[in-house]
Amino acid sequence: MIITNFSIAHRVAVVILVIGILLIGAISYITTPRESAPDIKVPLITIAVPLPEASPEDVENGITIPLERQLKNLKGIKKLTSV
C-alpha cells in the first residue's frame, strides 16, 4: 500500500522515473556492440559415406566399423556415434 499511495501522490515523479528508465534502456540497446553474423565455432564433424544399394550389414561391416576404428585414434574426440 505504501508504494501505491506514493505513486498516486507523486505521479509526476513516477512518470519521470519511468521515462528515465526507458531512455537508459533505449540508449543501452543502441550502443551495445553486436555483429550481424558472429563467428560461432561448433565442435562437431559429420562424415557421410553413401553406398547405394548396399545392405545395412554390408555398410556396417565394410565402412562404419573400420571408419570408427580409424577415427577413435584421433586426439580430442569425446564422443563418437554413427547412424
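If you're wondering where the values come from, they're calculated on a predicted model, not measured in any experiment. Residue indices begin at 1 and follow the sequence shown.
- The two residues A48 and P50 have their closest heavy-atom pair at O-CD, 3.6 Å.
- Counting side-chain heavy-atom gaps under 4.5 Å among Ile, Leu, Val, Met, Phe, Trp and Tyr, the cluster of I19 also holds V15, L23.
- Under the 4.5 Å side-chain heavy-atom criterion for ILVMFWY residues, no single connected hydrophobic cluster contains both V12 and I8.
- Without hydrogens or angle criteria, R34 side chain to T32 main chain gives a donor-acceptor distance under 3.5 Å.
- To the nearest 0.5 Å, atoms CD (E68) and CD1 (I47) are separated by 10.0 Å.
- The number of heavy atoms from other shown groups lying within 6.0 Å of CD1 (I3) does not exceed 12.
- Between S55 and V59 the shortest side-chain heavy-atom distance does not fall below 4.5 Å.
- Applying the ring-ring contact (aromatic ring centres under 6.0 Å, His included) test to every pair with at least one member in residues 10-35, sequence neighbours left out, gives these pairs: F6-H10.
- The structure places CD1 of I2 at 11.5 Å from OG of S7, a figure rounded to the nearest 0.5 Å.
- When all heavy atoms of R69 and N73 are compared, the pair lying nearest together is O-ND2, 3.3 Å.
- Linking ILVMFWY residues whenever their side-chain heavy atoms come closer than 4.5 Å, directly or via other members, leaves I65 and I77 in distinct clusters.
- To the nearest 0.5 angstrom, L44 atom CG is 10.5 Å from K79 atom NZ.
- In terms of modelled atom types and a separation under 3.5 Å, the side chain of N61 and the main chain of E57 share a donor-acceptor contact.
- The structure places OG1 of T64 at 9.5 Å from CG of L51, a figure rounded to the nearest 0.5 Å.
- No single ILVMFWY cluster, assembled from side-chain heavy atoms under 4.5 Å apart, contains both L17 and I27.
- Between atom CD of residue E53 and atom CG of residue D58 there is a gap of 12.0 Å, rounded to the nearest 0.5 Å.
- A chain of hydrophobic side-chain contacts below 4.5 Å, direct or via other Ile, Leu, Val, Met, Phe, Trp or Tyr residues, connects L74 to L80.
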